[in-house]
Colleague: 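My questions will all concern the structure given below.
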Protein chains: 2
Amino acid sequence: MQITKQADYAVRAVMYLSAHGRRHRMATNKIAMDQKIPLSFLAKIISQLSIAGVVHTMRGAKGGVTLSRPASEISLLDVVEAIDGPITLNECVLDASVCPFGENCKVHEVWCEAHTDLMNKLGATDFQTLVSG
Amino acid sequence: MQITKQADYAVRAVMYLSAHGRRHRMATNKIAMDQKIPLSFLAKIISQLSIAGVVHTMRGAKGGVTLSRPASEISLLDVVEAIDGPITLNECVLDASVCPFGENCKVHEVWCEAHTDLMNKLGATDFQTLVSG
DNA sequence: GAAATCATGCAAATTACGAAACAAGCTGAT
DNA sequence: ATCAGCTTGTTTCGTAATTTGCATGATTTC
Ligand code: SF4
Ligand code: SF4
């Protein structure tokens, strides 16, 4: 019952980028140093964030990473789900057919409600307010 | 980002016990059959629930498992934490010292808030209302 | 072509899952 | 009282999946 370290690393990276503005291209190397992230591990995370459309990468000399959208339009949920996949408190939340009891289970509803609340909270927090506030 | 199957199994077991009342002693065998839980797995779960003080077990012939408290005084949180241990959305929620940024991290606060909300929700749902409602 | 950088693949470590075998306690009949 | 049978508690093991981290390769700019 925890987000993975990858997801937390990803959040730190996006925080770092948000704090430095979209104009500057930051090298993965520098991000890793400043945010205490294993370098070769961060590379893969950046890659996934790129595929998810959160960041934009530039290869070659003078390359680096930038946000592909304004920080105000990137939510915690975007980053976490880009790395860990859809977050589900219980396996039945997204697909009720995995359990023989499925829809007839009262607990199922509780998990779904809690899940929705969590999604709303994470979806409502954008990185602009995280950095400035 | 998911509770373990053990925790869900535990919830099913307690649901089953709550539905049948505290007066009846149910054999682990029967619970496993009706709730589609691997028998040898459920034994370990029952044991942990017993240690946590949620259920009371009786060995020997005519033995079985009963709730040690009225269903109205057992919350989802009790059962889940008895099995999975304290639930934490991120490792820094309970112990901020695991991260070099610790208290100075804005994201940390968000996780703590979300964590509190989740705890409250799970703590407020007792098995009496789950069964009857 | 060389340097800097992202991208991909591979291995160790940890954890979750399930099953089996064994030990211990209770009941009730003898 | 004693013994046999039933039921939970504990321990151990093996498998599978996930997580984490590292090393190497591919790509672009200068
Ligand atoms: S028993 Fe209920 S809560 Fe558990 S997986 Fe099935 S539907 Fe979901
Ligand atoms: S970076 Fe912030 S959110 Fe992540 S572990 Fe550290 S304190 Fe917690």
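Here the structure is a predicted model, which means the values were calculated and not measured. A note on names: the letters A, B, ... follow the listed sequences, proteins ahead of strands, and every chain is numbered from 1.
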Colleague: Look up atom CG in L118(B) and atom CG in L89(A), then write down how far apart they are to the nearest 0.5 Å.
Modeller: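 Result: 6.0 Å between the selected atoms.
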Colleague: Starting at CD1 of I46(B), measure out to CD1 of I31(B) and round the result to the nearest 0.5 Å.
Modeller: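 Reported to 0.5 Å precision, the distance equals 4.5 Å.
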Colleague: Given axes from five pairs at either end, by how many degrees does the helix from dG1(C)-dC30(D) to dT30(C)-dA1(D) bend, rounded to 10°?
Modeller: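 The end-segment axes of the helix from dG1(C)-dC30(D) to dT30(C)-dA1(D) are tilted 10° relative to each other.
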Colleague: How would you label the contact of V65(A) with the nucleic acid (heavy atoms, under 4.0 Å): base, sugar-phosphate, or nothing?
Modeller: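 Contact class for V65(A): sugar-phosphate only.
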Colleague: In a check of side chain to side chain contact (heavy atoms under 4.5 Å, CB included) between N90(B) and each of T4(A), V80(A), V11(A), I3(A), which one passes?
Modeller: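 Testing N90(B) for a side chain to side chain contact (heavy atoms under 4.5 Å, CB included) against T4(A), V80(A), V11(A), I3(A) leaves exactly one candidate, I3(A).
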Colleague: List the atom of I83(A), the atom of A10(A), and the distance in Å for their closest heavy-atom pair.
Modeller: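 That closest heavy-atom pairing would be CG1-CB, 3.6 Å.
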Colleague: How close or far is atom P of dC6(C) from atom CG of L17(A), stated in whole angstroms?
Modeller: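 Computing the L17(A):CG to dC6(C):P distance gives 11 Å.
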Colleague: Grab the two heavy atoms, one from D126(B) and one from S72(B), that are nearest each other, plus how far apart they are.
Modeller: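 Between these two residues, the closest heavy atoms are OD2-CA, 3.2 Å.
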Colleague: How many angstroms lie between CD in Q35(A) and NZ in K30(A), if you round to the nearest 0.5 Å?
Modeller: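 Nearest 0.5 Å value for the CD-NZ distance: 10.0 Å.
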Colleague: On a heavy-atom basis, which atom in D78(A) and which in R69(A) lie closest, and how many Å separate them?
Modeller: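 Residues D78(A) and R69(A), closest heavy atoms: OD2-NH1, 4.0 Å.
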Colleague: Are any protein N/O atoms closer than 3.5 Å to N/O atoms in nucleotides 23-26 of chain C? If there are, list each pair with its distance.
Modeller:
from    : atom 1 : to     : atom 2 : distance (Å)
dG25(C) : O4'    : R59(B) : NE     : 3.4
dG25(C) : N2     : G60(B) : N      : 3.0
dC26(C) : O4'    : R59(B) : O      : 3.4
dC26(C) : O2     : A61(B) : N      : 3.2

Colleague: For H108(A), what residues pass the side chain to side chain contact (heavy atoms under 4.5 Å, CB included) criterion, not counting sequence neighbours?
Modeller: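 Partners of H108(A) by the side chain to side chain contact (heavy atoms under 4.5 Å, CB included) criterion, ordered by chain and then number, come out as C92(A), A96(A), E103(A), C105(A), C112(A).
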Colleague: Minimum heavy-atom separation for S18(A) to F127(A), with atom names?
Modeller: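 Answer, listing the atom of S18(A) first, then F127(A): OG-CB, 3.6 Å.
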Colleague: In residues 39-50 of chain B, which ones come under 4.0 Å of DNA chain D, going by heavy atoms?
Modeller: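 Contacts with DNA chain D under 4.0 Å: K44(B), I46(B), S47(B).
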Colleague: Rounded to the nearest 0.5 Å, how far does CG of D84(A) lie from NZ of K5(A)?
Modeller: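 Reported value, rounded in 0.5 Å steps: 13.0 Å.
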Colleague: Within this structure, what is the CG-to-C1' distance between D84(B) and dC17(C), rounded to whole angstrom?
Modeller: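 From D84(B) CG to dC17(C) C1': 13 Å.
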Colleague: How close do S68(B) and V54(B) get, heavy atom to heavy atom, and via which atoms?
Modeller: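 Looking at all heavy atoms of both residues, the closest pair is OG-O, 2.8 Å.
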Colleague: Using a cut-off of strictly less than 4.0 Å between a heavy atom of the residue and any atom of DNA chain D, enumerate the qualifying residues of residues 2-12 of chain A by number.
Modeller: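 Close to the strand are T4(A), K5(A), Q6(A), Y9(A).
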Colleague: Under a single-linkage definition using a 4.5 Å side-chain heavy-atom cutoff for Ile, Leu, Val, Met, Phe, Trp and Tyr, are V14(A) and F101(B) assigned to the same hydrophobic cluster?
Modeller: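 No; tracing contacts between hydrophobic side chains, which count when under 4.5 Å, never links both residues.
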Colleague: Between K121(A) and D117(A), is there a salt bridge with N-O shorter than 4.0 Å?
Modeller: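 Salt bridge between D117(A) and K121(A), a charged N being under 4.0 Å from a carboxylate O: no.
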Colleague: Taking for each residue the nucleotide of DNA chain D with the nearest heavy atom, is it M1(B) or R25(A) whose nucleotide lies nearer the 5' end?
Modeller: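 Per heavy-atom nearest nucleotide, the more 5' residue is M1(B).
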Colleague: Starting at CG of L94(A), measure out to OG1 of T88(A) and round the result to the nearest 0.5 Å.
Modeller: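 With rounding to 0.5 Å, CG (L94(A)) is 5.5 Å from OG1 (T88(A)).
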Colleague: Minimum heavy-atom separation for I45(A) and Y9(A), please, with both atom names.
Modeller: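 Closest approach of I45(A) to Y9(A): CD1-CB, 3.6 Å.
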Colleague: Please find the earliest and latest nucleotides of DNA chain D, in the 5' to 3' direction, that have an atom within less than 4.0 Å of any heavy atom of chain A.
Modeller: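 Terminal contacting nucleotides, 5' to 3': dT19(D) to dT29(D).
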